[in-house]
Amino acid sequence: MESRINELLSVTEKGLSHLKALGADTARVTASLSVTHEFNVDSGKFSLFRTLFDRSLGMMAIKEGKKGVYATNKTDDADIVSAAEQCIAVAESATPDDAWALAPDSGHIKFHEENTGADLDRLFERSVELVETIKKNHPTIIIEQMIVTHGEKEGVYRNTMGALYETKEGFYGVDLMFSAHDGENCSSFFGVGVTTEDLDTPFYELGSIKRDLASVEKQVVTRPVDGKFTGTILLTPDAFAGFMGSIIGNFAGDRSVLEKTSIWLDKVGEKVADERLTVSFPVQTEGIVGRDNYTAEGFLCEDFTIIDKGVLTAFPLSLYVANKTGRSPVKNSLDCMVITPGEKSFEEIVKGIDKGLFVGRFSGGAPGVSGEFSGVAKNSFLIENGEITTAVSETMISGNMAEMINNLVELSSDVIADGTSLLPYASFSGITISGKTSEFEE
């Protein structure tokens, strides 16, 4: 993609000028152009190649303490004027709030990655290789859909505080949706994705693709869990990330702190989890691609650890909520999670579980204020006497998330890197597992 940074610089400069002329006290403008090349596979066959072009323009203005936001995909001069007028109109109809603000000036910084262009021939070769490898190694797997992409994006962020950021990035991605079939029996659908900067490694070897394909192959025939018991759950890295996302949002997010519903409200500097649990969001880490360099408020992203050896270090607050509550904002967008691994292998962790469930996916509603959760464990297996035994049909699991991270049994030494996170497997005790019960049981 030919560089269009100068065009984007002009668009953001004009946008900011129009917003200020219309009375904005503080404002930001973002503009981007992207090109995405995409191969599609449906039902195991290549079905489509296309190139998608996208542009975006986003504006935020604060006028007399009132905030307005507007976005469009048009960047001609007349469209910039119209967008500014719409943004100011939204602000003028809002309720004043002095907590709205932008970060102090961080200067003009360029985040330009090298070699952002696409090698489409090699990308197609890797895509064909993945399809053929799945057919060879996993004959019962049907690829329902596979989308392989290369995305290249240029963007500019500019605000009235003086911040001006240029971004140029490009990376490859593969997303798989598949199921296993054997005669009339079939597994449920399962999805997995990875992001990578280069094509040096076969897609099959990236992230958890190989493990997930092998796991779903064993889920063609399932049986219900018998009875109800309290046991240990072993979470895949993806399922673990889902739980940690809910925990952070429920106990440390903007809303829970602003509304004072967080049970961690007065626990900064105190132990809230097992001392082996460290959850961080680093800016530069090998294996992570496509990370954010700055926040929407204009802060340059900095490394942030929310839980350090079990201790809550800070709340990951936006500048708005920080201003409302008198706390400090976090200069991080929480887009790339890294959890420190443990010392035991996945296999060793399984051997230590007497009775429990290996959970591939979890589907449940938002947890309660104090952390109670209940939902369905999918793509799961029963663990008995230190062995993964039969695949089970959808099974209810429930517990309390605040208690759960204090009941950590093990974190694996195995780490899955999918391009956006680095996560181990994790096991937790004290979880209620509810299977099929007799009609005579209460």
Side-chain angles (χ1 to χ4, degrees), residues 97-104 106 235 237 240-285 288 291-342 366-373 399-411 420-424 426 428-430:
D97 192 329
D98 290 339
W100 294 119
L102 290 175
S106 294
L235 301 176
F240 187 21
F243 271 93
M244 286 309 308
S246 293
I247 288 167
I248 292 170
N250 206 56
F251 301 143
D254 270 356
R255 184 172 180 177
S256 64
V257 173
L258 183 61
E259 297 179 355
K260 298 182 179 180
T261 60
S262 170
I263 63 173
W264 288 355
L265 202 60
D266 300 315
K267 293 189 178 296
V268 173
E270 297 182 15
K271 181 178 179 296
V272 296
D274 186 282
E275 58 272 9
R276 291 169 293 173
L277 184 62
T278 295
V279 183
S280 60
F281 298 87
V283 176
Q284 296 287 341
T285 299
I288 299 292
R291 65 184 67 83
D292 290 338
N293 295 300
Y294 49 85
T295 70
E297 296 112 333
F299 288 114
L300 293 176
C301 284
E302 299 177 354
D303 291 349
F304 173 60
T305 298
I306 182 170
I307 297 176
D308 186 11
K309 297 179 180 178
V311 175
L312 177 67
T313 65
F315 293 113
L317 302 181
S318 65
L319 180 57
Y320 172 77
V321 174
N323 288 340
K324 293 289 285 186
T325 60
R327 298 175 183 268
S328 299
V330 163
K331 302 170 185 178
N332 194 296
S333 57
L334 306 191
D335 60 326
C336 298
M337 183 186 292
V338 174
I339 296 180
T340 303
V369 171
S370 58
E372 295 87 359
F373 73 90
N400 182 283
M401 290 186 178
E403 295 175 2
M404 185 177 107
I405 56 175
N406 279 286
N407 293 334
L408 174 67
V409 179
E410 297 288 352
L411 292 167
T420 60
S421 62
L422 294 170
L423 304 171
F428 302 91
S429 62

Flag, side chain of [X] to backbone of [Y], donor-acceptor distance under 3.5 Å:
| X | Y | value |
| --- | --- | --- |
| Asp303 | Val283 | yes |
| Asp335 | Asp292 | yes |
| Thr313 | Thr305 | yes |

Scan side-chain atoms only and decide if Asp254 and Ser318 contain a donor-acceptor pair under the 3.5 Å cut-off. yes
Would you say that more than 12 heavy atoms from the other residues, nucleotides or ligands in this model lie under 6.0 Å from the CZ of Arg255, or not? no
Could you measure the distance from the [atom1] atom of [X] to the [atom2] atom of [Y]? Nearest 0.5 Å is fine.
| X | Y | atom1 | atom2 | result |
| --- | --- | --- | --- | --- |
| Phe243 | Asn250 | CZ | CG | 12.5 Å |
| Phe304 | Leu334 | CZ | CG | 6.5 Å |
| Leu411 | Arg276 | CG | CZ | 6.5 Å |
| Leu319 | Lys331 | CG | NZ | 10.0 Å |
| Asn406 | Lys271 | CG | NZ | 4.5 Å |
| Tyr294 | Ser106 | OH | OG | 12.0 Å |

Which atom names give the shortest non-hydrogen contact between [X] and [Y], and what distance separates them?
| X | Y | value |
| --- | --- | --- |
| Leu423 | Ala241 | CD1-CB, 3.4 Å |
| Thr295 | Asn332 | CG2-N, 3.7 Å |
| Ser256 | Gly249 | OG-O, 3.7 Å |
| Ile263 | Ala402 | CD1-CB, 3.7 Å |
| Cys336 | Ile288 | SG-CG2, 3.2 Å |
| Met244 | Ile307 | CE-CD1, 4.4 Å |

Heavy atoms, side chains only, cut-off 4.5 Å: are [X] and [Y] in contact?
| X | Y | value |
| --- | --- | --- |
| Val279 | Ile339 | yes |
| Ile405 | Asp274 | no |
| Thr340 | Lys309 | no |
| Glu297 | Pro329 | no |

Please state whether the rings of Trp264 and Phe251 are parallel, tilted or perpendicular, taking 30° and 60° as the class boundaries. tilted
Could you walk me through whether Leu300 and Asn293 pass the side-chain contact (heavy atoms from CB on, under 4.5 Å) test, one step at a time? CA-CA 6 Å; Leu300 293 176; Asn293 295 300; 6.0 Å; no
Pick one: which of Thr420, Leu422, Ile248, Ile306 meets side chain to side chain contact (heavy atoms under 4.5 Å, CB included) with Met337? Ile248
